[in-house]
Amino acid sequence: DLSGYTDPATTWQYLKGFFENSVSYDVVNLSIGAEASSGTTWSDLVILKENFSLNATPTGTYVVSAGNSSAPCTSSNFVNCNIISGMMVLSPYLRSQVIVAGATKDVSGTNTIATYSNQAGVMADRYLMAEGDTGYDSSSGDIEGTSFAAPRIAGAAAIVKSKFPNLSGANVAEILLLTADKDINDDGTDDFSSVSATYGRGELDLNSALSPVGNLTP
């Protein structure tokens, strides 16, 4: 429960031990979040980034949910974005191994980013999308969220690591990000090139991730 932690520095200190205890894990899923309040900006996190240190060196891939507030997560508007994903992206100890998980949803036969999902924004180069729907309806409606997209991506990371056990956590994360599908609406044409402020690197494509072309060098 992160409800008692209201600023990035305190939140990081709380989570730091958990990160340090997981440094030998191949894949770590973090379906957790702490929304940035109206007083927290991306610039605040950038200023604090040297404080996002660890007393150990993680080796695995870390997947963290983007959050469910429909926020743009830009440098000028970081309100309601997940400060945990921001801190992990900025941490020099974790950045190259982090994937921020956004959610997709099929709407009337067309795939798109889920309306609730926080967008890529300033974390676009580490942002990857996956299905956020569980397929389960409760009395209040669909059970869905980026917390369900994250374990799908974490599972894909575990599969890639299993097939290529020599890869580092950073290698696995980069493969998943580089092989992302940019044809979000599945009409046969990429919806963007490089990275998108909305979709980040694109949608998880495990088949492409498992079919590398060329040689991977450290």
Side-chain angles (χ1 to χ4, degrees), residues 2 5 8-34 45-46 48-67 81-103 120 122-130 146-181 195 200-218:
L2 297 172
Y5 299 87
T10 309
T11 304
W12 183 264
Q13 287 304 312
Y14 174 76
L15 292 172
K16 183 176 179 179
F18 295 103
F19 289 134
E20 292 173 349
N21 286 341
S22 67
V23 293
S24 63
Y25 296 176
D26 288 333
V27 180
V28 177
N29 179 73
L30 293 159
S31 291
I32 57 174
L45 296 185
V46 172
L48 288 168
K49 67 180 181 180
E50 295 306 320
N51 294 330
F52 304 149
S53 62
L54 297 173
N55 295 320
T57 303
T59 58
T61 303
Y62 287 73
V63 184
V64 57
S65 52
C81 297
N82 187 359
I83 61 171
I84 297 172
S85 63
M87 290 187 293
M88 292 176 68
V89 165
L90 289 169
S91 170
Y93 292 78
L94 289 171
R95 176 178 170 78
S96 64
Q97 292 144 257
V98 171
I99 296 175
V100 179
V122 287
M123 298 173 286
D125 64 331
R126 309 305 305 178
Y127 184 99
L128 182 66
M129 298 189 300
T146 59
S147 286
F148 303 110
R152 286 187 166 97
I153 296 174
I159 292 171
V160 173
K161 176 67 175 179
S162 177
K163 183 173 181 179
F164 306 108
N166 59 309
L167 296 179
S168 67
N171 291 155
V172 172
E174 196 65 8
I175 287 172
L176 292 175
L177 292 167
L178 288 174
T179 58
D181 182 6
V195 296
R201 295 293 191 100
E203 187 177 4
L204 174 68
D205 186 341
L206 181 56
N207 286 334
S208 293
L210 293 173
S211 305
V213 176
N215 298 316
L216 180 69
T217 56

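Please read these numbers as outputs of a predicted model, since none were measured by experiment. By convention here, the first residue in the shown sequence is residue 1.
Asn82 places a side-chain N or O within 3.5 Å of a backbone atom of Ala34 that can act as its donor or acceptor partner. Formation of a donor-acceptor pair under 3.5 Å by the Glu20 side chain with backbone atoms of Asn55 is found in this model. Remark: side-chain polar atoms of Ser168 are paired, donor with acceptor, to backbone N or O of Asn171 under 3.5 angstrom. Looking only at distances, a side-chain donor or acceptor of Arg95 sits under 3.5 Å from a matching main-chain atom of Val89. A donor-acceptor contact shorter than 3.5 Å links the side chain of Gln97 to the backbone of Gly60. Between the side chain of Ser22 and the backbone N or O of Phe19 there is at least one donor-acceptor pair closer than 3.5 Å.
A 4.5 Å side-chain heavy-atom check between Phe148 and Ser31 finds every atom pair outside the cut-off. Looking at heavy atoms from C-beta onward, Leu15 lies in side-chain contact with Ile32 at the 4.5 angstrom threshold. Taking 4.5 Å as the limit, some side-chain heavy atom of Leu30 sits within range of a side-chain heavy atom of Met88.
Thr61 OG1 to Leu94 CG: the interatomic distance, rounded to the nearest 0.5 Å, is 11.0 Å. Once rounded to the nearest 0.5 Å, the distance linking OG of Ser65 with CG of Asn29 reads 7.5 Å. Here the CD1-CG distance, from Ile99 to Leu176, works out to 4.5 Å after rounding to the nearest 0.5 Å. Taking CZ of Arg152 as the start and CE of Met129 as the end, the distance is 13.5 Å to the nearest 0.5 Å. Within the model, atoms CG of Leu206 and CD1 of Ile153 stand 11.0 Å from one another, a figure rounded to the nearest 0.5 Å. Annotation: the span from Glu174 atom CD to Arg126 atom CZ amounts to 5.5 Å, rounded to 0.5 Å.
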Atom pairs and distances, donor-acceptor, side-chain atoms in residues 156-165, under 3.5 Å, two or more places apart:
residue, atom, partner, partner atom, Å
Lys161, NZ, Pro165, O, 3.0
Lys161, NZ, Leu167, O, 2.5
Lys163, NZ, Leu210, O, 2.8

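Scanning for side chain to side chain donor-acceptor pair (under 3.5 Å) contacts around Asp26 gives an empty result, with sequence neighbours left out. Residues meeting the ring pair (Phe, Tyr, Trp, His ring centres under 6.0 Å) test with Phe18, sequence neighbours left out: Tyr14.
Heavy atoms only, all atoms of each residue included: Leu48 and Ala9 are closest at CD1-N, 4.5 Å. Closest non-hydrogen pair, Val64 versus Ala150, comes out as C-CB, 4.5 Å. For Ala154 against Val27, the heavy-atom pair with the smallest separation is O-CG1, 3.5 Å. Among all heavy-atom pairs drawn from Asp125 and Arg201, the shortest one is O-NE, 3.1 Å. Between Ala149 and Ala130, the closest heavy-atom pair is CB-O, 3.5 Å. When every heavy atom of Val46 is checked against every heavy atom of Leu90, the shortest pair comes out as N-CD1, 3.7 Å.
For Lys49, the NZ atom sits in a loose shell: 12 or fewer heavy atoms of surrounding residues, nucleotides or ligands are nearer than 6.0 Å.
Between Phe52 and Trp12, the ring planes are tilted. Angles from 30° to 60° get that label.
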